[in-house]
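Structure record follows, encoded as structure tokens.
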Amino acid sequence: MALRNPISQFCKHISRSSISRASAMSPQHVYSQHLAPQRRSMATVVPPVTQDATSSKGPTAMVFMNMGGPSTTDEVGVFLSRLFADADLIPLGRLQSYLGPLISRRRTPKIQKQYAAIGGGSPIRKWSEYQSSEMCKILDQISPETAPHKPYVAFRYADPLTEEMYANLLKDGFGGGKGGRAVAFTQYPQYSCSTTGSSLNELWKWRTRLEGKGSTNADLSGNITWSVIDRWPVHPGLVEAFARNVETQLATYPEEIRKDVVLLFSAHSLPMSVVNRGDTYPAEVAATVYAVMQRLKFSNPYRLCWQSQVGPSAWLGAQTSDTVQEYVKKGQTDLILIPIAFTSDHIETLFELDQEVIHEAGHPGVKRAESLNGSRVFIEALADIAVKHLRSGESCSRQMGLRCQGCKSERCLEQKKFFVGQENLLAVR
Ligand SMILES: C=CC1=C(C)c2cc3[nH]c(cc4nc(cc5[nH]c(cc1n2)c(C)c5CCC(=O)O)C(CCC(=O)O)=C4C)c(C)c3C=C
Ligand code: FES
Ligand SMILES: [Fe+2]
């Protein structure tokens, strides 16, 4: 990203603390129609899973990768300092190690206020631990051949970090012996080099440090075999989970106006420099939106808009806040905002959408669809994505092997070579 004045860029953000909304955990016990019968029938034929009795390929580590967020306001400073140190997200060139800490220090008080306003921290750790452990319980039932499945969380900027997760994997015996199997499962449904790509670069770095040549665990026969679930933008279970949350919110409008409510899908924006490098995220987000609209039989008019841009450089638009304001000005005051690129609540839903965009719109007809959080349909979708991957024999998607046309990063090159190359090891497992 070309930075004219990096410090002011990242410190000119809106900041207003108002009503606090606590993030109560409310798992929906709704079963997906296409997954539940399959699961029920398998549960009747498959005996309880024990590693010795039923699994030939297990145990399998299921590693949920995400950015993470500060669980308390005290953690905001360190969260931002890690975020601004990440050259895959915010490239500051040779000045990264100087400017990163400076910008994050300047930004911390404002962002602390925002986390305080959503109840004192990000709920992402709570949701990631819940989603991963619930998914593993389902996997033990539907994939006995790779059981037991052990859940891990690896965050890019908050605890537990990738290095902590990797140390736990080794401690739990996944390295050594004949070498264990681990699946890096991105929790970003749509791939971006600044999100999933950054997490994979970090995973590759720690794999090299902890298990590569010259490391204390360098016995190649005992290394962990890795594969990656790198994107799942139109998985039917994901689409179903989003669609049900939209339908639930649509049902709160009087029947006579329901079909005229505008559905505003909102995704985190990207700097245009990243878009122009060839990042696949915008196209994959659009694919999710279209799939959800297909599932809803195009019942309502809709738009995709982009939120959370940081600083004055060019970002992908139209911005969500402008979009809401413009529609309200045009007299369209019944709108449902749908966060479409993240699978649980975070500061950008609970603060930016709820406490800024919706609050400022000042119309009761402007609402938000619930995030996926503890949705049972969603968790069953995760299990379905995982089981298909485990049975595919693939180390990653075909798409992941191709770098962006504008990519100049050695990290991306080496990381992709590594994960694509794991396919040969998977074949002999
Ligand atoms: C799909 C989701 C996300 C994309 C793509 C993404 C790109 C991106 N983000 C920044 C800069 C910041 N992001 C920050 C927080 C943040 N970002 C996402 C998601 C995506 N970011 C989330 C869910 C969160 C909040 C985490 C939580 O609360 O749990 C922040 C920190 C907050 C702030 O200072 O405003 C920054 C900075 C860039 C530059 C970028 C693309 C290159
Ligand atoms: S930036 Fe996309 S592959 Fe490197
Ligand atoms: Fe972000």
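Quick note: residue numbers are just sequence positions, from 1. Both counts, for ligands and for their atoms, begin at 1 and track the order of listing.
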Handout entry: Reported OH-to-CE distance for the pair Tyr188 and Met67, which is rounded to 0.5 angstrom
Key =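 Rounded to the nearest 0.5 Å, the OH-CE separation comes to 5.0 Å.
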If we only count N/O pairs under 3.5 Å, is [X] in contact with ligand 1?
| X | value |
| --- | --- |
| Ile347 | yes |
| His268 | yes |
| Ser122 | yes |
| Ser194 | no |

Handout entry: Location of contacts on Leu89 toward ligand 1, heavy atoms closer than 4.0 Å
Key =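 The answer is both.
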Handout entry: Close approach, Pro271 and ligand 1, non-hydrogen under 4.0 angstrom
Key =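 In this structure, Pro271 qualifies as a contact of ligand 1 - some heavy atom is under 4.0 Å.
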Practice task
May I ask whether Tyr157 has any heavy atom positioned less than 4.0 angstrom from an atom of ligand 1?
Solution key: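 For ligand 1, residue contact (heavy atoms, under 4.0 Å) with Tyr157 is absent.
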Problem - Proximal ligand 2 atoms for Cys193, defined as those under 4.0 Å from one of its heavy atoms - result: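 This gives 1 (S), 2 (Fe), 3 (S) as the contact atoms.
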Practice task
Provide the number and element of each atom of ligand 2 under 4.0 Å from a heavy atom of Lys416.
Solution key: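 Near Lys416, meaning under 4.0 Å from one of its heavy atoms, ligand 2 has 3 (S).
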Exercise for the section: Report yes or no: does Arg411 have a heavy atom closer than 4.0 Å to ligand 2? Expected result: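 Per 4.0 Å heavy-atom rule, Arg411 does not contact ligand 2.
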Does a side chain donor of either [X] or [Y] reach within less than 3.5 Å of an acceptor in the other side chain?
| X | Y | result |
| --- | --- | --- |
| Thr252 | Lys367 | yes |
| Ser344 | Asn373 | no |
| Gln319 | Gln307 | no |
| Glu370 | Asn245 | no |
| Thr186 | Thr196 | yes |
| Gln187 | Ser128 | no |

Exercise for the section: Name the closest protein heavy atom to atom 3 (S) of ligand 2, giving the residue it belongs to and the distance to 0.1 Å. Expected result: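 Atom 3 (S) of ligand 2 sits closest to the protein heavy atom Cys404 N, 3.4 Å.
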Problem - Heavy atom of the protein closest to atom 1 (S) of ligand 2 (residue, atom name, distance) - result: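 The closest heavy atom on the protein side is Arg277 NE, 3.4 Å.
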Practice task
Could you tell me whether Arg258 sits above the aromatic face of Tyr253, with NZ or CZ closer than 6.0 angstrom to the six-membered ring centre and within 45 degrees of the axis?
Solution key: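 No, cation not above the ring by the 6.0 Å, 45° rule.
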Problem - N, O or S from Cys412 under 2.8 Å to atom 4 (Fe) of ligand 2 - result: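 Looking at Cys412, which is the residue asked about, there is an N, O or S atom under 2.8 Å from atom 4 (Fe) of ligand 2.
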Problem - Heavy-atom check, side chain of Gln96 versus side chain of Asp86, under 4.5 Å - result: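 Heavy-atom side-chain distance check fails, nothing below 4.5 Å.
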Exercise for the section: Among Trp204, Tyr152, Trp226, find the one that has a ring pair (Phe, Tyr, Trp, His ring centres under 6.0 Å) with Tyr166. Expected result: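 That would be Trp226; it is the only one of Trp204, Tyr152, Trp226 passing the ring pair (Phe, Tyr, Trp, His ring centres under 6.0 Å) with Tyr166.
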Handout entry: N/O/S from Cys407 sitting under 2.8 Å away from atom 2 (Fe) of ligand 2
Key =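 It does not: Cys407 brings no N, O or S atom closer than 2.8 Å to atom 2 (Fe) of ligand 2.
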Problem - Best match, Glu348, His346, Glu352, Gln307: closest heavy atom to atom 24 (C) of ligand 1 - result: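 Checking each option, the heavy atom nearest atom 24 (C) of ligand 1 is found in Glu348.
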